[in-house]
Each structure stands twice: as C-alpha cells, then as structure tokens.
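Following: one structure in structure tokens, then a few remarks.
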Amino acid sequence: MTTAESVKVTINGQEFQVQKGAPLIDVCRENGFAIPSFCYYADLALQASCRMCLVRIEKMPKLQTSCTITCTDGMIVTTQSEEIEKAQRGMVEFLLANHPLDCPVCDRGGECELQEMVFDWGGLEERFTERKNYYPEKFLSPIVANDPQRCILCKRCTRVCDEWMGEDAIEAGGRGANTVIGTFGGWLNCSQCGNCIEVCPTGTLLDATYRHQTRPWELERTVSTCTFCSDGCQMSLGSRAGELMRVVARDRYVDGINGEFLCIKGRFAHPFVNHEERLRTPLIRYRKGGKLIPATWDEAIRFTAAKLQEIKDAHGANSIGVVGSPRLTNEANYVLLKFAREVIGTEHYTASEAFSLAPFFKHMTAPLATHKDIRHAKTIVLIGGEPEELQPLTAKQVRQAVRNGGAKLVIINSVPVRLKQQATQFLHVRPGTEDALVLALAGQTDDAMAARKMGVEVGEIEPLRRMIDETQGNVVLMFGGELSTEAQTILAQLPGSIGDEENRRFLFHPLPLFNNSFGVHDVGLMDGKLNATGLLDAAGDTVRALYVAGGLLPAHLQGREQALQNLDFLVVQELFATDTTAHADVVFPAASFAEIDGTYTNNDGLVQRVRQSIPPVHQAKPDWVITSLLADALGIDFNYQMSASAVFREIGEHVPAYQGLRYPLLKDESKPVQAKYQLAGQRAEVADVLAELRQRVERMTGAGDKIMETPEVGHELFKIGTLTGKVPQFHLLAAGNPEPPDVLVSPLYQITIDSGLRRDTAIAGD
Amino acid sequence: MFIGAIGCEPLQLKRVGLENSRTLDVYRQHGGYEALKKVLDGMSPEDVIGEVKKSALRGRGGAGFPTGMKWSFVPKDSPKPKYVVCNADESEPGTFKDRFLMERDPHMLIEGMLIAAYALGSRTTYIYTRGEYRYLINILDAAIQEAREAGLVGDRIMGTEFSCEVFTHTGAGAYICGEETALLNSLEGLRGHPRMKPPFPAIAGLYGCPTVVNNVETLTAVPDIIKMGGEAYQKLGTQKSGGTKVWSVSGHVNRPGVYELPMGYEDMEKFIMEDCGGMLGGKQLKAVIPGGSSVYIMPATDIVGKKVKMDYEGLVVAGSMVGSGGFIVMDETVDVFESTKNLTEFYKHESCGWCTPCREGTDWLVKVFKRIAKGEGRPEDAQLLLDLCDNIEGKSFCPLGDAAAWPIQSAIKKFPEDFRRHLMPMATRTAEAVAAD
Amino acid sequence: MSIISDIVESTKSIIKGMSVTFSYIPKAKWTVQYPEEPVTLQPRYRGQHLLHVDELGREKCVACYLCAAACPSDCIYIVAADDPRAPEERTGVDERYAEVYNIDYGRCIFCGYCVEACPKDAITHGYNFELSVYNRADLLKTKDDLLITKQKQSPNYRVAFSDEDVDSEYKEV
C-alpha cells in the first residue's frame, strides 16, 4: 500500500485515525472491539457468508458485514447494540440448528471456534426441536477425516486449498442445507498438506492420524521449528506423557512466519519420534563382521574414545573425518566442528549436504528475502528447484504473491513444475542448462547462444530482463541445487552488477533442502577440505575413521557402500538403524528434534528455536551432548554444563553472522531474528569464475529432450525415507493413495501396503 | 387463457397472437428492427441511454431499478470489453411472461439486446435462460440464426460499423441464478452463488468486465421506447414508472393469462373481477400475491374497495410489491398456511447454501412447517416462525433470504386464523370437531 | 492459682465428662457389626466408581476426558483409541472409546465431579467402599476393576431404598 491515506472512523462513539481502505473488521479488532466471525480469514478471498460480523453503519440500509466493508472517511460504526446482538445470536442459533451435539467425541472439542462462539453468543435453550440433517463421518484420504454434519460452511478450507496450495482439491457440493464440503470423485488426491484441517473452525475436517487420540487440553504445547525442510515453519508440538501426539500451527498456539501453514511432512510425519524402532541404547560392534551389541553409555564412549585415539596416533589426525548434518541443530554442528578442530585436529570435516551454498554466501551482494518479503515481492525469479514439493511454504508465499499481490513470477526450470500455473513467464529449458540463463542475465553471452543451449526461443530472455528492470518493488531471486558453483557465484554477484534503483531492491532466496542447510554453512562446517562424497571416496585410503552425526544422505552413499566397509572405524549418531549404521562400529542413539533444545537457521537466514517437548526417548542423548562426552573422554572438557544455551552463547561469540545472539533474544517466534550476513561487494576475482561458467555453458550440447511431464503432486513429499517411512499413512500415499472399499472406516485398517513397494530415494532423503 | 392488453395499446404483446410470430418476416412486417435501424442511423449511444432515461423504464425483473440509470453506471472509458446479459432465468413462482415473449416474439428480445449493446458499447451479449427453458434455446437460436443471415446479428450490422454477437446459454435449474451476480457466476461456469456487491456488475461483472444484466421484459421494451420516443413511452404509465407492464395472472380466476397493463392501472379489484373474468366458480376472493412468490401477500380486505393502483408505488402503498408481475389469485378455499408452506419448501430447495441465515433458516422453517402440518404444532410456533424470519430478513447475503421471509411474515400477520387452526394442539382440535358434529 | 482450686476444677471436669459417658450406658446400642453384618448405605453414597455399559454390553464411555478435566485431584487417566469395527462389534458405543481408564484411589476424594461432568452417563459412583490394600500401587484401579460388568461387589453392604429412612436408624438412640 503506497497510498497510506489516513481517514477518521468513529466506532462506538470513539474516533480513530485509520488507514483508508483497511478492512473494518480488522480495524475494530485492533482497537479492542471484539467482532465474531467464522468465514473471515486474513489474506484469503472474502466470503461474507457466516454473517457473524454484522455491524451497523450509519447511512447504510440493513446491518453490514464488517469483513467486506473498507474504511472510508467519516464512517460511523456501531459494533454493539441490541439489534446486532440479536442478529449474531440468531446466526449462532442457525449454525447450531443442524450441528450435532457430539462434542465429547469430536477431536476439535476444546479448541473449537464454534464452541467458543456459543459461549458468548449462544442461547440458553435450543429452540430447534426438529430432526437434524445427518451425514456419516467419513475419510477423505488416509490423513483427512471429514464429518460433514459439523460443517458450518465457512469455506476457509476450500479457499486455503485454492489460494495457498493452488490445488483446488476440495469444494462444496450440493445446494442449500444439503451443501457439504467434498472432493472431486470422493477421494482426496492432493498434497495432503492438512491446511484445510488447520483452518477448519469446527470438527468437520480432522487429522486422521491423531483421530480420537486425546483432547487438546491434555496436551502440553511446545513451540518449535519444523525439521523437514529449509523453510523453518514454526509449529506447536502437542505432547502427553512423554509422547508426541500431534503437530499443529494453529495461530493461537504459535505465531510464526508460516501462520497456520504446514505441509504434510511438518504436520503428519512426526510419529517417528516415538517410534518403536528408535535406537534404544548405544551399540558396539566389537569386531569387524560381528553384531552390534547393546552397551552402556560409559562403555560406548570409552570404547570410541580409545579407538579414535588409536587411529589418530597411528595415522595422524587427518585420517579421521567428521561429518555433520544439515538436519542437526546449529549447536550440534558447532560442537562437532569444535570437536574436529580442537580435539581431533583434523582438516576433514563437512556435512552431508545435498549441495553447497558456500560460493553464494561468499559472494552475495543482496540481502536474503524473508517469507514475508516474498509475499509482498513484485517480481520473483525462480531458477531451478521445485518449492511446491521441497519448500512448500516458499511455494505458498510465491503463489499468494502472484494471486493476491499481483506479483510477476518467472520460472526457469527443466521440469514443467506445478507452480508454472501461476507464472507470468515459464522458460522450459533442457535439463542441466539453467547455468546458461544465469550467464545471459549477467549479460555475458549473447541471448542466441544461451537460448540455443537451453532450448528456448531467443525472444524469451529479453522480456525476463525487462521485467526485472521495470519492477517497482522487490525482486526476489530464488535458485535451487541445479546451479553450478560458478553460476551460484555469478548469480550472487548479479544484483551488484545490475544495481539497485530507487524503487527496486534485490533479495535472494536460495532453496536448500534441509532444515539447517544455512546453519551448517554459518558455523563453518562446510569449510572443510573434502565434501561428504570426497571423504567417502578417500575412505580406507587417507581417511581411516569417520565420525558421522545424523547419517549420510542416500544420494552420497549410493555406489559407495564399499567405502564404509573400508574404514577402520565408523561412529554414527542416529535415530534409527540405517544404511550407515549397518557398517558402524559404534552407534549412539541420538535425540530427535522434539527432545532437544537448539536452533535451526532457515532459508530466510532466520535463527529459530527448537525446544524440548518430551524427554529423550529411551537412552537417547542430544547430538552435541554425545560429542562433548567424547571430547571429555579424549581429554578436553568443553564445559557446557549440559546446557544448550551455553553452546549457543559460544556460537554467538564465535560465528560472525550470529554475533551477539542469545536464546532469550530468539524467544518470540512472531519476531524472528535474522542472522547478520556480510554482503560482498563487486569482486574482480569473479572474472575467472565467469570465464569458467562461460566455458561450461559453451560445453553444453544444446541438444537432448526436454522433460514434458508435470510431476505428480507429492512425488517428493510422499516418498518413503527413514523418517517418513515410520508413518503408516505415508506408505499408503507412496503407493498411490488408493481409495479403500469403505470410506467410513480408516483406510489404514483396510489396506495393507507392502512397504517395499516404492522406495525411491527422495531428494531430501527424509 | 387470455393474452392481450387492457387499458392500452399492446406493445410487448403486439405480435404474440400472430401466426408465425417468431419468424423474422412477421416481425419485420410489424415494425421489427426499425428501432435498431433508427439507432444505427443516427443516434449516439448517449442518445439511446437518454431516451431510456426519459422513458422512466424500470427493471421488470423484480427490483424495479431505473434501467437508464443502470446503463449510465457502465464506465465509458473502461478498456475492458463490456457485456449485455439478458436475465431470462424466469424462476419466480407465478411468473411466466418472459417465456411468452421469448417463445412467441424472440426477435423483439434480440433487437432490444442489440440496442442495449449499441448503447453500452458491447460486442458480446448473452441470453441466459433457466434450465427448464431448454426448449426455448432452439427457438432463440433459430431466431438469432435468422437475424444473422439477414445481417442483423454478427459483424457489421446493417452495414454499419456496429458489430455484435448474441449467444444463448441455459442454466442448470437453479432459482438463485436469477440473481444477477449468481447468473454471472453460472454463465462463467462457476457454482451459482451470488457475488459480493460492491463491485456491482456495471463495474465488474462477467469475467470482471462491466456488464449490464436486464430482464427479458426490460429489454423487449427498449425497441418501442426508441420508436415512440422516451417521453411518449413514459406517458403510457406514471411519472416514476413509465410504459406498460406484463402481468402473469394465475390462480382462481376465470381467465388466467398474460395481461399487458399500463403502469398505474387504477384498480386491482376491477382487474380481477372484470378484466380477468372474475373469481373461478364465483367464490370469494381471499388473497392475492401480486408480484411473484417473493412479495408480501395481500388479503382481500386490502384490495376490495381500496382502489389499489397497479404500479411500483401503488403496490408499496397497498403493502406489497410489483416484483416480477406474477399475479396469483387465491379464493376462499385456499389455506394460506398450506400455500405458505409450499412456498417455504420452494425457498429451502432453492437456497444456494452460501450464507448461514438463508441456508439454515429456510431448512429450519420447512421443518417447523412440516411438523405443524403433521399436527404437532404448538401455539408458540407462530412466534418462532416470525422470529426466524426476522433473523433471516436483512441478514442474508443476497435477497433470497428476504424473499423467503416476507411471504411468511405477511401470511402470519394477515391470516392469523389459518395459522391458529394448525397451531392448536391435536386434542383441542379433535374436541372441537366432536363438538361441531 | 492454688493446687486446691486445680484439684477442684479438674474433678469438676471429670465428673462433667463422665456424666455424658455414663448417661449412654443404659441407652440402646446401634453399632453395626461390620463385617458380620452388612452396612446400610444411602442411595446417593459415593463409593468406588462404576463404568457403565449399554444394553448390548458396549462401554458407554467415549473417552471425552471431561471427567479427567473436572477432577480436582487429577486422579483419572485416560488413553483414547479408535475402534474401526462395525457398531455392534465395538468395545464402546462410539468409534471412540477408552483404551485405558485408570482411577488412582490414592488421590480420589470422591467429590463426584467426574460423574457430573460425564455427558454420556458412563461413570457413576458405586457403593463399594472397601478400597484398602496392602500395596499402594494397588490403589490404581484399571478399567477391569471399574467396569460394571467386571467389578466385584462387596457382600458387606446393602443400599437403602430411596424412601427408606436410614437416618433415623442412627439417630434413634
């Protein structure tokens, strides 16, 4: 809003100066006048169907819905009067007419907006004595349960499905009092994000994984950060008696960057935390080829320390490699790095990250975009990546920026991703030729050559450049792992070379895959001599022992299984028995994200808290504790006194981007703190990189087929990995989400899926 | 069945009685497309709108909004295409005038639409009929084809620069699609839900472009206005509502039919008793619903000897509305409770389900009516019905809620006896019956 | 105060106290010879809880947790579960039922709030009052101890009829 004209509005006799055109309902609520509503939901299309937010506006006939009225000068509003109260009580009475009285079995009971409304606006006695319309409770998918009878038809769910997810999977069917929310064809084939469940004010749409488990007031709520992708959604972990029961993002519990948005993984993939296959005790393999035998912590630590010392003495410090993980907290990775440098003294440390952002961080000339910036951006350039599947919150923000904010979206991708529906321009390039576009944007090649290599028309590049030039507002540059390190460098330098104009600002938004991909770069774990594959290739040769925290990526391990065999000694910290632990000599049971305190840094550069919701299951310990126990056994006491905040204080002292950060500063999830990244200037040394990039582009064949098929919804999200594989519903989804014979009974009880059916490795390897 | 004009020269119904009245030849023989020619020959769009304003033509669909004013709301300088949509979704119980006009004189509608399109700068127009009027589509399409072949529809109409296309579209049978914004949604292929107003269709209607939605009878009046001039047309009626109005008369009269009356026809009693041939079987008049089911019901006491003027203002004074002109006459054998129940069931069935009061309210009302009809009425039910109507009226998203509430409110107020009889507990009623024997 | 007045005062007190004692000796005794004789309990007596079943023998409890929420001493623990079977085969009347229903009688204060909170009339107070155990852990009663079909009723009580004047039995001395 550039025209922030202020107007005078009188509400209940009090005068207020408000922004012209602001929704009246928001203005009233901000100024302390409670207005009830069901269908009004900020940033969604207006509905005005629940008729709860009626107010009297002078000079207007009839009562008006305050959600549809925008403030104009001299408006005189009454929000409380006998007439309004009668109308509102009438509406609640209407809503309750056909609403069943089954609160005792309804999972929403206790956090139901309709219940709350009835407390304030409900009648003492029910005048409706007729038969209620009846519909049976049924399942829409393995994850979404539906009780149409409870529906008040606020249609938040259909709007969320359309506007946030762009999927339009649920819609109202029927007419009049027979209107029900339903799916096309009776079965829900969508990305199963569950946002419809989240925004539902009643118990109409319910979480089928948490169905009939407990009640909301029994849950202990902990605000934490999602562990699945780099968006870092804030969520509320509900636990009871040491068990993680559910994950929600309801904004009365948590108020993070994502509002009430979560994706299927964030919301439903948590049962791995209390899964019975979690590692229970430390395990030791006393001789090669033998079995892993449960051991005490003391024994395992002593054994490991002795072995590491032995190898260090025999082959030197550099024969020991330390591998962290972008899934672990900043604390864990920092302590690991400190262990590698100070205790072992090795130069071989890294993290098992899918692709390195090190060149980007080194050369970035524009700040990072937060998700809020994306929502209000004017132009978004997305090079590679597939945020709908890998960074769903980013995809949602992009979609809303286009749909509700009128932003322009340019997609450069080798796959016709679903987001292209929203795109102003889609450059469908050949696989692996995204680099050429970067080169063209940098103005370092003629468009004809780049277009030929990418397999697009020459004229398609110029409009994109013009779009960026003409933007009045923020330009967000997003890129995925497809770019080479050289292209990353050049792209990072691009804003510096184009230059900011008065009304235009460049922002970056890289799309790494993991929850703490930024963190591993920030603490410096990615600065080691070799990367994860390099370490594996050197295994048995210069590298004699590996200390792996958080497991190796399946992509790294593929074809290198022998490497782990060649090691003299392999220590692994893991949640579950995996391909990596199969070769380990010592396995430590690590604590999952729900059991620890720490921080993750998301792809906005926001440092967000992870909080302990339940005590570590079995004998698990947080990763950084295990590392410091090992350090202690090797003679160096890190002196953290078992306190994660002590570790973070040290990070705040030693890591430049986190200078001065402390846990108390990160307390409020509604005001996230962005790490202070150093912006690079224009650099002469990139000339070499540019030459290299040009060569790389020139080497491209400029031939080959394009990928024409738009990937299915959920092709990455539903994949079975170590963590998602622990959730039975994911197996159903991975097997193509079959519709069960009887939709009235949970599909889980009706369909048995061979879990080995589809075990392709997901890019993110959850 | 009577078709014709009373108290004036027939305008709308001039040709409906003729043989082959729906053909272009007959239409042209009787002055057809002369108005269009006059418009294209030298009138500017502003002139046309000016004439319509002068004619005091008011929307015949029910709301009675001045048509000229509606047309002048369309922004002239909008770069977007503009649309004229004919609302032929004539679903109001008791109304069947549009069907007659379209069935027997489709060219009059086409001419009216072309003139409107010219006045508004539109190149594309739509006729949206209700699902039950599917058979009319063939008639309309044939007429459009005929006109196209004669160079009256399509590119360069009558050799001028003006080009305009007329399309037909049929709904799927929903009363709500007679509401203009729901009609537009349905025309776009969406669910037939009303849209939020503002923005009004004149600013953002079909596909977000400026659109004028007019009733069939409104558009068919336009050629005559152009031919005779706005002022002359207005003089046929009254100061505020000009011209003639077509009434669909049904119910207990000797001669039901389609009647064209001048606006401001002086006496409703005379109309029923003389023009319509009096009451069927000589029974007593009990009630009249003058404007289609969605208006207040009028008891005989409000009509007999009251000289009710039949125009927009006159009927409001008499406690009802012109609505869409569906004139339903009921004699003394009618149980107003039953007729109201019937109407309420209609509104429940046709409520689109968008907003709470209409969706749940009509459902509740019907349930109460059915319970009372089963003999389980309670004395407090009358108050309950009134209270529910009060909670629906004025609070719903579109006027359907009001339309559902008004007949009940007026029926209970004007015919309390009919309700009281049903609301008495079963036991009392039996006792009364025994006593009567 | 002198010793003499002390003696006088204390003697007076003893006489006063003993006069009450002696006055009861000739009166009729109403001691119930429990456990040889059953105790008569008021109809509204709040003893050990009972979990009720419907006419098909299905548990009435739908595990809504309202009893646990109402409990001032926090002695009720429930684990809800889903029963996907057909209605007539279910454990409970609804798809949702209590897989675990524990009451800790070490904490229960027999206030009856749980009974009042129950929307399904699934829990009431029974009459069993012999709850003493040798091991404190045994005070935790599970669903098997509480279900009306499974709870063993003590032979040591009888419940007064609703119009029976139980009070006078005690008062008439």
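These numbers come from a predicted model, not from an experiment. Below, chains carry the letters A, B, ... as their sequence lines are ordered, and counting in each starts from 1.
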Toward chain B, the part of A:Leu95 with a non-hydrogen atom under 4.5 Å: both
Backbone N/O of B:His349 and side chain of A:Arg175: donor-acceptor pair under 3.5 Å: yes
Residues, nucleotides or ligands: over 12 heavy atoms within 6.0 Å of A:Lys132 NZ: yes
Separation between CG of B:Asn391 and CZ of A:Arg51, rounded to the nearest 0.5 Å: 13.0 Å
Pairs of heavy atoms under 4.5 Å with chain A: top-ranked of B:Val368, B:Asp363, B:Thr356: B:Thr356
Gap between atom OG of A:Ser49 and atom NE2 of B:His193 - 0.5 Å precision: 8.5 Å
Heavy-atom pair count under 4.5 Å with chain A, highest-scoring of B:Arg191, B:Met196, B:Lys348: B:Arg191
B:Lys367 (side chain) donor-acceptor with A:Arg131 (main chain) under 3.5 angstrom: yes
Heavy-atom proximity to chain A below 4.5 Å, by part of B:Glu380: neither
Salt bridge present between B:Asp381 and A:Arg127 (N-O < 4.0 angstrom): no
Under 3.5 Å: donor-acceptor pair, side chain of B:Trp354, backbone of A:Gln47: yes
For chain B, the option from A:Ala97, A:Ala87, A:Ala48 that forms the most heavy-atom pairs under 4.5 Å: A:Ala48
Within 6.0 Å of NZ in A:Lys408, more than 12 heavy atoms from elsewhere: no
CA sep, side-chain torsions, deciding dist, call: B:Phe397, A:Thr65, side-chain contact (heavy atoms from CB on, under 4.5 Å): CA-CA 9 Å; B:Phe397 187 86; A:Thr65 47; over 6 Å; no
A:Glu93, part contacting chain B, at a heavy-atom distance under 4.5 Å: both
Nearest atoms (heavy-atom pairs only) where A:Met91 meets B:Pro357: SD-CD, 3.6 Å
Pairwise side-chain contact, A:Lys62 with B:Asp402, heavy-atom cut-off 4.5 Å (strictly under): yes
Side chain / backbone / both / neither for B:Thr362 at chain A, heavy atoms under 4.5 Å: neither
A:Lys86 and B:Asp387 ion-paired at < 4.0 Å: yes
Toward chain A, the part of B:Ile176 with a non-hydrogen atom under 4.5 Å: neither
Interatomic spacing from CD in A:Glu83 to CG in B:Asp390 - rounded to 0.5 Å: 9.5 Å
Heavy atoms of other groups near B:Lys197 NZ, more than 12 under 6.0 Å: yes
Evaluation steps, side-chain contact (heavy atoms from CB on, under 4.5 Å), between A:Thr129 and B:Arg371: CA-CA 10 Å; A:Thr129 52; B:Arg371 177 165 53 76; 4.2 Å; yes
Most chain B-contacting option - heavy-atom pairs closer than 4.5 Å, from A:Leu63, A:Thr179, A:Thr68, A:Asn98: A:Asn98
Top contributor to chain A contacts, counting heavy-atom pairs under 4.5 Å, from B:Arg195, B:Lys395, B:Glu393: B:Lys395
B:Lys370 and A:Glu130 ion-paired at < 4.0 Å: no
